[in-house]
Amino acid sequence: MSKPTLATVWLDGCSGCHMSFLDIDERLLELAQKADLLYSPLVDRKDFPDHVDITLVEGAVSSTDDLAKIRKVRAHTKILVSLGDCAVTSNVPSMRNPFGVDAVMRRGYVENVTEARPIPCSVIPTLLDRARPVHELVSVDVFVPGCPPSADLIYEVLGDLIAGKPVVSGSRGRFGG
Ligand code: SF4
């Protein structure tokens with residue numbers, strides 16, 4: 001029987017949730033025996049696969065690129081996991097929300113620099129009007145809060161999902177959607 005497949009996706013986050021995933025340490029070898037990691041910032045594959053059983057998503061949805069990516073990921077994923085507070089609540093990225101995009105761009109590219117540059121209008125993905133949690137844009141199956149969630153929690157959730165066990169609502173900081 002083929003192994004379940006995994007992916008991890010990085011939207012608007014600091015990579016801390018991925019660092020916590022790596023903090024699973026030697027238990028990653030155990031997970032690798034049970035599941036295949038197909039797509040991740042940690043592997044050199046550029047396109048999201050046609051089908052993934054379990055995808056962990058770090059970060060809020062903050063730009064047009066994030067939105068296109070999460071829609072594609074959702075369409076090709078069986079179990080979508082919001083990993084960490086930025087994905088679950090929009091957390092740190094949402095600190096810009098009260099100010100509006102124009103003020104944030106002005107602050108970043110004009111007011112808060114020693115040498116002002118034009119505000120970029122290409123190459124850099126266009127910001128959405130506000131950073132939003134993943135479940136506001138696509139359906140989410142499992143929420144794993146924490147900033148970041150602990151390695152033990154990620155290991156436990158992944159182990160259960162790979163084994164096909166139900167994820168219990170409110171159990172030790174994780175809950176099903
Ligand atoms: Fe970073 Fe915390 Fe957001 Fe994870 S939840 S991406 S650790 S700020």
Side-chain angles (χ1 to χ4, degrees), residues 4-23 35-113 115-149 154 157-158 161 174 177:
T5 51
L6 296 180
T8 77
V9 174
W10 182 3
L11 302 179
D12 190 3
C14 73
S15 87
C17 290
H18 272 85
M19 295 302 108
S20 202
F21 173 71
L22 290 178
D23 278 343
D36 288 325
L37 183 63
L38 298 186
Y39 177 93
S40 171
L42 310 169
V43 302
D44 189 27
R45 177 173 180 158
K46 307 303 181 208
D47 296 323
F48 198 80
D50 287 340
H51 176 81
V52 175
D53 291 312
I54 303 160
T55 299
L56 308 179
V57 181
E58 170 190 318
V61 182
S62 294
S63 70
T64 50
D65 276 18
D66 294 339
L67 183 55
K69 183 181 266 189
I70 197 61
R71 283 178 171 157
K72 182 171 186 180
V73 167
R74 174 68 276 183
H76 296 277
T77 295
K78 184 175 173 191
I79 300 173
L80 190 69
V81 180
S82 269
L83 181 69
D85 285 348
C86 291
V88 173
T89 71
S90 66
N91 195 30
V92 175
S94 68
M95 292 171 73
R96 73 168 169 88
N97 289 356
F99 305 102
V101 171
D102 288 347
V104 167
M105 295 297 276
R106 219 172 33 250
R107 184 68 177 156
Y109 286 95
V110 179
E111 299 168 0
N112 209 25
V113 295
E115 189 176 341
R117 304 266 184 210
I119 294 175
C121 57
S122 62
V123 181
I124 293 177
T126 304
L127 289 180
L128 301 177
D129 61 341
R130 60 191 181 89
R132 298 167 73 178
V134 172
H135 66 273
E136 281 192 11
L137 285 312
V138 297
S139 63
V140 169
D141 302 297
V142 177
F143 296 82
V144 183
C147 184
I154 298 171
V157 169
L158 268 181
L161 291 173
R174 60 190 165 104

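Predicted model, so just to flag it, every value in this text is computed and none were measured. These values consider heavy atoms only, across backbone and side chains, with no hydrogens, waters or symmetry-generated copies.
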**Fill in**
Exactly one of Asp66, Val101, Asp102 clears side-chain contact (heavy atoms from CB on, under 4.5 Å) with Leu127, and that residue is Val101
**Complete:** Exactly one candidate in Leu6, Thr77, Asp141, Ile70 meets side-chain contact (heavy atoms from CB on, under 4.5 Å) with Thr55; the answer is Thr77
**Asked** Taking all atoms of both residues into account, what is the closest heavy-atom pair of Leu11 and Ala60, and its distance?
**Response** CB-O, 3.2 Å
**Complete:** For Lys69 and Trp10, the nearest pair of non-hydrogen atoms, with its separation, is NZ-O, 4.1 Å
Is [X] reaching over with its side chain to a backbone N or O of [Y], donor-acceptor style, under 3.5 angstrom?
{"X": "Arg74", "Y": "Ser139", "answer": "yes"}
{"X": "Thr126", "Y": "Thr64", "answer": "no"}
{"X": "Asn97", "Y": "Ala131", "answer": "yes"}
{"X": "Asp36", "Y": "Thr5", "answer": "no"}

**Prompt:** Would Val134 and Val61 count as a side chain to side chain contact (heavy atoms under 4.5 Å, CB included) if you check the C-alpha gap in whole Å, the side-chain angles of each, and the deciding distance to 0.1 Å?
**Reply:** CA-CA 6 Å; Val134 172; Val61 182; 4.2 Å; yes
Rounded to the nearest 0.5 Å, what separates atom [atom1] in [X] from atom [atom2] in [Y]?
{"X": "Leu37", "Y": "Phe21", "atom1": "CG", "atom2": "CZ", "result": "6.0 Å"}
{"X": "Cys17", "Y": "Leu22", "atom1": "SG", "atom2": "CG", "result": "11.5 Å"}
{"X": "Phe143", "Y": "Leu80", "atom1": "CZ", "atom2": "CG", "result": "9.0 Å"}
{"X": "Ser94", "Y": "Arg130", "atom1": "OG", "atom2": "CZ", "result": "9.5 Å"}
{"X": "Leu158", "Y": "Ile54", "atom1": "CG", "atom2": "CD1", "result": "6.5 Å"}
{"X": "Met95", "Y": "Ser90", "atom1": "CE", "atom2": "OG", "result": "11.5 Å"}

**Message:** Side chains of Thr8 and His18: any donor to acceptor distance under 3.5 Å?
**Reply:** yes
**Asked** Given side chains that start at C-beta, do those of Val88 and Pro133 come closer than 4.5 Å, heavy atoms only?
**Response** no
**Prompt:** Are any of the side-chain nitrogens in Asp12 or Arg132 under 4.0 Å away from the carboxylate oxygens of its partner?
**Reply:** no
**Message:** Please determine whether side chain to side chain contact (heavy atoms under 4.5 Å, CB included) holds for the pair Val92 and Cys14, giving the CA-CA distance in whole Å, both sets of side-chain angles, and the decisive distance to 0.1 Å.
**Reply:** CA-CA 9 Å; Val92 175; Cys14 73; over 6 Å; no
**Prompt:** Who passes salt bridge (Lys or Arg N to Asp or Glu O under 4.0 Å) against Asp47, sequence neighbours left out?
**Reply:** none
**Request:** Answer yes or no: does atom CG of Asp50 have more than 12 heavy-atom neighbours from other residues, nucleotides or ligands under 6.0 Å?
**Result:** no
**Prompt:** So His76 and Phe48, would you call those rings parallel, tilted or perpendicular, with 30° and 60° as cut-offs?
**Reply:** tilted
